[in-house]
Amino acid sequence: MGPYTQSERLETYRNHADKLIESGQAYHCFCTAERLTQVRERQQKMGLAVRYDRHCRNLTTEDARERVKSEPHVIRLAIPESGRVTFKDIIRKKVAFDWQQLDDQVLIKTDGFPTYHLANVVDDHLMEISHVIRGEEWLPSMPKHLFLYESFGWEPPTFAHLPLLLNPDRSKLSKRQGDVAVESYRDRGYLPAAMLNFVALLGWHEQGNRDIFTLTELIDAFEIGRVQKGGAIFDATKLNWINGQHIRQLPPDEFAAAIRPHLAPEWDVTKAMVAAIQTKVNLLSDAQDQLAFFFEDPVVYDEDSRQALSSAQAKGVLSTLLAGFDAVSDFSGDWFLGIVKQIGEDFSLKGRDLWHPIRAAVAGRVTGPDIVTIVETFGLEKVRDRIQAALNFE
RNA sequence: GGCGCAUUCGUCUAGGGGUUAGGACGCCGGCCUCUCACGCCGGUAACAGGGGUUCGAAUCCCCUAUGCGCUACCA
């Protein structure tokens, strides 16, 4: 059994094609490319279905055998001339085609190589493939493949034709429009498990209401028969949310390891820092921005911080806070939290009015991890110096 | 052009004759709160259109529209 390399199996395909010729289900065709083009153009002009006109189908076997020796030729499938095929597909249930619509497909090309149709059926049978799961674009080829299985006297496998993934404009998802290469998603900080979770949901859903699945849960819950028939638009908005959900479910050390490749190599990231941002990132690559301020020295004020520092009460709050440092006996995050809250009461400030200037002074950001972690990471000196510096801002 | 497949909130979907058509993302509001998030609560929004069948259709049938696929000596 496989893997199979087509070029090494030319003999096999040829033999199988010959069997079909013996039984009259295939025939040699000597038509030139020019003639084929002519036929096609004529059919097009007359508004007919474009198909091989079966010119060589009625050649006598002896005649064909003789010409094969000296003339270039292909082998074509002798499709039934009338009737209707119906077949079952796990996803689409029942599908039907008229034989009349089908072409006498080339099985073996002039160069001796098989076409996909022959190779696919022969290989799958020899490899004892039980289920063929492929894209919807193969649905129109089903009758040919079935005819092949039947002609060889083989039991066809079970088929499932999956719906296509679509661009936001409903066109078939193309590799050119936006980058859909999985590597690019990994590089942008999507977890493989989240990716799988998202893609599985594009065209499939269990009866229940779950949207977040681990790989194991997914394997357990997935039923191919429940796959959707219509194509689904690949919209990464929900992917971001799913990724965030998976990130939050990660054990702390796994999360730390996962973001490491997305951070500046020289950063010495502590457990406390990592823990402080786990609920704040939807993409692993977000961690870089979230953590950056920890490693900026001296402090770099962002736009919001500048604004917060120039507010009316900022100076008052900060100088009071600075004064508080004179009496500190036992510096800690909780001490800091306590004194700020006290100042808040004294100034009748709370929420962002109180905290934005303080965060701006300490971290250069108005948002971010909890202040306790920040303050304890920086330590008394640095925090005090930064408050001092903020007082001189402007 | 011919043939095939498809069509439920903006998006992903649940739904198999009787439902106030459910969930999720997003968006909007609120709560929580040291900021931002997370979380929680609430709101917004859909059966493509038309004919049948039926006491009763999102569900079954037909037509139309739209989208997609195939129509190679490519896969």
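Only this structure's heavy atoms are used, side chains among them; waters, hydrogens and symmetry mates stay out. Chain letters run A, B, ... following the sequence lines, proteins first, then strands; residues in each count from 1.
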* To do: Taking the six-membered ring for Trp and the single ring otherwise, decide whether the centroids of A:W138 and A:F159 are under 6.0 Å apart.
  => no

* Asked: Who does B:C34 pair with, Watson-Crick or G-U, both distances under 3.5 Å?
  -> none

* **Side-chain donor/acceptor of A:T110 to base of B:C73, under 3.5 Å** => yes

* Asked: Distance under 6.0 Å and angle within 45° of the ring axis: does A:R67 meet both against A:F30?
  -> yes

* **Close approaches to RNA chain B from residues 11-26 of chain A, in residue order (heavy atom, under 4.0 Å)** => none

* B:A48 and B:A6: how far apart are their P atoms, nearest whole angstrom? -> 14 Å

* To do: Any strand is fair game: report the nucleotide pairing with B:U59 by Watson-Crick or G-U wobble, both distances under 3.5 Å, or none.
  => none

* Structure fact -> Taken to the nearest 0.5 Å, the spacing of A:R84 CZ from A:F97 CZ works out to 9.0 Å

* Structure fact -> For B:U54, the nucleotide meeting Watson-Crick or G-U wobble distances (both under 3.5 Å) is none

* Between the base of B:C34 and the side chain of A:R359, is there any donor-acceptor pair under 3.5 Å? -> yes

* Structure fact -> Side-chain atoms of A:V50 come closest, of B:A72, B:G26, B:G69, to B:A72

* Rounded to the nearest angstrom, tell me the gap between atom CG in A:D235 and atom P in B:A24. => 17 Å

* To do: Kindly say whether, by distance alone, the side chain of A:K280 makes a donor-acceptor pair under 3.5 Å with the base of B:C36?
  => yes

* Using purine N1 to pyrimidine N3 plus N6-O4 or O6-N4 for Watson-Crick, or N1-O2 and O6-N3 for G-U wobble, both under 3.5 Å, which nucleotide pairs with B:C47? -> none

* Asked: Can you find an N or O donor on one side and an acceptor on the other, under 3.5 Å apart, linking the side chain of A:K229 with the base of B:A6?
  -> no

* **Listed once per pair and sorted, the side-chain hydrogen bond (donor to acceptor under 3.5 Å, both in side chains) pairs that draw on residues 259-276 of chain A, sequence neighbours left out** => none

* Asked: According to the Watson-Crick and G-U wobble definitions, with both distances under 3.5 Å, which nucleotide is paired to B:A65?
  -> B:U7

* Nearest-Å distance once atom P is located in both B:C28 and B:A37 -> 11 Å

* **Pairs involving residues 283-293 of chain A, ordered by first then second residue, that meet side-chain hydrogen bond (donor to acceptor under 3.5 Å, both in side chains) (sequence neighbours left out)** => none

* Structure fact -> For B:G16, the nucleotide meeting Watson-Crick or G-U wobble distances (both under 3.5 Å) is none

* Any strand: nucleotide that pairs with B:G29 via Watson-Crick or wobble, under 3.5 Å -> B:C41

* Does A:H125 have its ring centroid less than 6.0 Å away from the ring centroid of A:Y149? -> no

* To do: Taking only the side-chain heavy atoms of A:R248 (C-beta and beyond), determine which of B:G39, B:G69, B:U35 contains the nearest atom.
  => B:G39

* **Pair A:K382 + A:E376: basic N to acidic O under 4.0 Å** => no

* Structure fact -> Answer for the Watson-Crick or wobble partner of B:U71, both distances under 3.5 Å, is B:G1

